[in-house]
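So you know, we letter chains A, B, ... as the sequences are listed, proteins then strands, and number each from 1.
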Amino acid sequence: MKCRFFLLDVNEAHDAEKPTVRLWGVDDEGHRIAILATQIKPYFYIVPAKNVELKSIRERLLKSHGESIETAQVTEEGKKLLGQERTVLKVTCSDYEAVNRYSREIPRLLVGAQCYEQDIRLSVRYIIDYTLTPCGWNQCDVDEADLGGLRVNRAYVASSVVASVRKEEDEAPKLRVMGFSLLTASERGSAKAERDPVRAIAAVTNSGESRTFVNEGDNDSAALNEFAFFVNQFDPDIIVGFENNRLDWPYLIERAKLRNVRLNVGRDGSDPHSSLFGHVSVAGRANLDVADIAGGFPEIKVKTIENFAKYLQVSSARKITTIEEFDRFKLWTEKLGRERLLQDVHLRAQVSLELAEATINFPMQLSTLTGLTLDQVVAAAVGFRVDSYIMREAWLQGELIPPRNEQPFFTYRGAIVLEPKTGVHENVAVLDFTSMYPSLMEKYNLSPDTFVKPSEKALEDSVFVIPDVGYKFRKKPDGFYRTVIRALLTQRKKVKVELETLEEKSTRHKVLRERERALKIITNACYGYAGWVGARWYVREVAESAAALGRDTITKTISKADSLELPIIYGDTDSIFVQNDPEKIKELTAWAKRELDLEIRVAHKYVRVLFTEAMKRYAGLQPDGTLDIVGLEVVRGDWSDISRQVQERVLESILLDRSTENAVQHVRTTIRRLQNGEVPIADLTIRKTLTKPIEDYQVRSPHVEVAKKLLKQGWYLAVGDKISYVITKGKGKLFEKAEPYAQVKQDQVDVEYYLENQVKPAAMRILELFGVSEKQLAD
DNA sequence: GCTGACTGCCTACCT
DNA sequence: ACAGGTAGGCAGTCAGCG
């Protein structure tokens, strides 16, 4: 029989006798299903040195591995190695161990031979080889099988190879989603799993169920058991939480281990386990961390669940309040406090669920596009998303997938940034080259397989010579990156065309909008990927050439604008800010299309725009009356709110009201409030991220010293955490006066510091352009 | 012993 | 753990200084 299913998760069955890939999903009728596929066996390729007789290799190989002839099968296959057609040996093994054993021995056994694709896991292999569509519909012939302990409605054995059903318009089935959140509290510092029991676990489902498993005493076994039972009973397809990968799951796993409780919430009965991209994986389900999704919203500076909820305006957003970790234990010991905590943990689960539902379309499209499962694609960094996407492309083209190997790293010259014309400019247009780097890579065929090594000879006419760096790339045939980028650009164009024809509210429009975003993200990351040492297709010269062509492009464009007498105010990488002169802009755009074969679009229009002397920092008034603030303190997460607010008001006064006087007045008022102790501590807090382990820091800086203090007090801190501190009165260096913000009282604040090093500099950065002196602020 | 110029570390930003 | 380019704060060093 045929089974058509929406693919949610893929893993390997380690308990099976032979290598088995398990596909988890939801079928046409809404049944949760598992398909066991044993058609595929682990394999790898051997690329022998050139001019070596393959037959003899094959025989030598089988002879030297006498004991394993039965376990390996060697066949010849035509593949490409960086575009070069090669006949290679495919070694199919009975298990992984054999893959590892043979692929390690082969270079010793056969001089000059190299192994490929031995690092690709079977589950990945399956998705690639059969072009499966995660978060999409797939089908295959199946035979019904015994459930064998799997927690699904139907288990099957695949009797044919699984294939994706290319019907991307099809909606996802109705999926069961569960949000959860953990409450912990400790008498001193952060709760530690080895010491402090779970206080409560809240779970909320998208079918309206809501449970909170409370543990009042020291023994949390019951709460853990009940939670695991509830998960299995509700049987979610998607599990979400906020920072659940980093905090909730590891804590639960550790407590379960201590209490000897099974957290067997996987659909195969397994426990959650840490997985490939530093996330926690639950077999057969997609466990997602909403914090990872929040990471894709750079406009949210401090990635808390509260901020994310407010930003997206999910329905429970206004109910959510912040309870400091500092206050939690005390609240837990009080009756009312405990009620509040329980309400809070429930709300967090609820908000996680709402946030996931509001944002999940994009990761789903990204999953379909890249071939990573939903949980993986959410957890994976950009580089690995591109990696996954192009591995599939490589396989489709018969190109061998190179390993991810360690290599030396050199930086190279990047983009050009222009010195801005300082001051206020009226009526300005920002012109952008659309997808400049990928377009240049495509146009000049920049690719590892077309790159002409300095030692190689090439006919002058047959190559592109890259300006400035002098690298050469063959014009023919199409390079690997060219085919990849072309495919991405074409797909995106197609999606855009279809979007035009759709109702904005239709489901398909929503899906395609996210699909277009996914295509855009992957396309634009190709340049960075090519220059990333971790990339499988890393060739520095490719990225370096793209950067050089970018500089050439923007330089030529500036010359052209000059010759058109179109004044340029500023420019960065692939954009130039010019006087909004539609006629001349039209001419420039036409020139770019004709001479450079690149598209320029008007990305922004500013009624007025203000530049300080610095690059990458400006503020513009948009036609709709809102300010677009770039690079300045207002948009930086490491300045106190009071300085950001004052600078924003200054910019508003100047750009919107055109009144320096109002700006100055506002600064004076703020200074007075500060001096009177009327500015709350929260607005004085400075946040900085810990970017490495404490012991790796070479200097003593405020946030590092505060982090040390917190660690000493027993708080749990990890790389990536934001340290919030306030500068207090006292003697010495700033790092000696910085204190954890939750522990500072109003009268301890070093008002002088906030005046001289926060508020005044932020305000003066703008005001000094208008001849305002610092003295005038004090009046 | 203090001051100011300068350097390097560090974070967060821009395209 | 996609790239390089840039701003700007703070700590620390060191020359110069009656």
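- On the nucleic acid side, DNA chain C contacts chain A at distances under 4.0 Å to non-hydrogen atoms, with the end points of that region at C/dA1 to C/dG12.
- Contacts of A/Val533 with the nucleic acid, taken as non-hydrogen atoms under 4.0 Å apart, are absent.
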Could you check A/Asp750 against A/Lys737 for salt bridge (Lys or Arg N to Asp or Glu O under 4.0 Å), going step by step and ending with a plain yes or no? CA-CA 9 Å; A/Asp750 184 351; A/Lys737 308 201 298 173; 2.6 Å; yes
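- Straight-line distance from the OH atom of A/Tyr697 to the P atom of B/dC10: 7 Å, rounded to whole Å.
- A/Phe384 comes within 4.0 angstrom of a base, heavy atoms only.
- Using a 4.0 Å heavy-atom distance criterion, A/Phe433 is classed as making no nucleic acid contact.
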How far apart are the C-alpha atoms of A/Asp628 and A/Lys605, what are their side-chain angles, what is the distance that settles it, and do they pass the salt bridge (Lys or Arg N to Asp or Glu O under 4.0 Å) test? CA-CA 10 Å; A/Asp628 183 25; A/Lys605 282 179 188 163; over 6 Å; no
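- Among the protein residues, A/Val699 comes within range of the sugar-phosphate backbone only, with heavy atoms under 4.0 Å from sugar or phosphate atoms but none that close to a base.
- Across all strands, A/Gly534 comes closer than 4.0 Å to no nucleic acid atom at all (heavy-atom distances).
- In this entry the distance linking CZ of A/Arg765 with P of B/dC13 reads 14 Å, nearest Å.
- Here A/Gly414 lies in heavy-atom contact (under 4.0 Å) with sugar-phosphate atoms only.
- At whole-Å resolution of the value, CG in A/Leu431 and P in B/dT15 are 14 Å apart.
- Across all strands, A/Trp537 comes closer than 4.0 Å to no nucleic acid atom at all (heavy-atom distances).
- The distance between atom NZ of A/Lys722 and atom C1' of B/dT11, rounded to the nearest whole Å, is 9 Å.
- Of the possible polar contacts, none joining the A/Lys472 side chain to the A/Phe451 backbone as a donor-acceptor pair under 3.5 Å is found.
- Taking the charged nitrogens against the carboxylate oxygens, A/Asp387 and A/Arg404 do have a contact shorter than 4.0 Å, which makes a salt bridge.
- Within the 4.0 angstrom heavy-atom criterion, only backbone atoms of the sugar-phosphate kind lie near A/Val630; the bases stay farther away.
- Between A/Asp468 and A/Arg551 there is a salt bridge, with a side-chain nitrogen of the basic residue lying less than 4.0 Å from a carboxylate oxygen of the acidic one.
- As judged by a 4.0 angstrom heavy-atom cut-off over every strand, A/Ala525 is placed among the base-contacting residues.
- Straight-line distance from the NZ atom of A/Lys520 to the P atom of B/dT15: 13 Å, rounded to whole Å.
- In terms of phosphate contacts, A/Thr691 brings no side-chain nitrogen or oxygen within less than 4.0 Å of OP1 or OP2 of B/dC10.
- Nucleotide B/dT15 holds its C1' atom 14 Å from the CD1 atom of A/Ile576, rounded to whole Å.
- The nearest pair of heavy atoms linking A/Ala530 to A/Tyr538 is O-CD1, 3.3 Å.
- Spacing between atom CG of A/Asp432 and atom P of B/dC14 amounts to 14 Å, rounded to whole angstrom units.
- Sequence order on DNA chain C of the closest nucleotides to A/Glu419 and A/Asn524 puts A/Asn524 first from the 5' end.
- Base engagement by A/Arg636 is indicated by at least one non-hydrogen atom pair under 4.0 Å involving a base atom.
- At a threshold of 4.0 Å, the pair A/Arg125-A/Glu117 counts as salt-bridged, since one of the basic side-chain nitrogens sits closer than that to a carboxylate oxygen.
- Protein atom CD of A/Gln698 is 13 Å distant from nucleotide atom C1' of B/dT7, rounded to whole Å.
- Looking at heavy-atom distances under 4.0 Å, A/Arg413 makes contact with sugar-phosphate atoms alone, never a base.
- Contact annotation for A/Tyr389: no contact, since no heavy-atom pair falls under 4.0 Å across all strands.
- Among the nucleotides B/dA12, B/dC13, B/dC10, the one closest to any side-chain atom of A/His703 is B/dC10.
- For the pair A/Asp449 (side chain) and A/Phe480 (backbone), a donor-acceptor distance under 3.5 Å is present.
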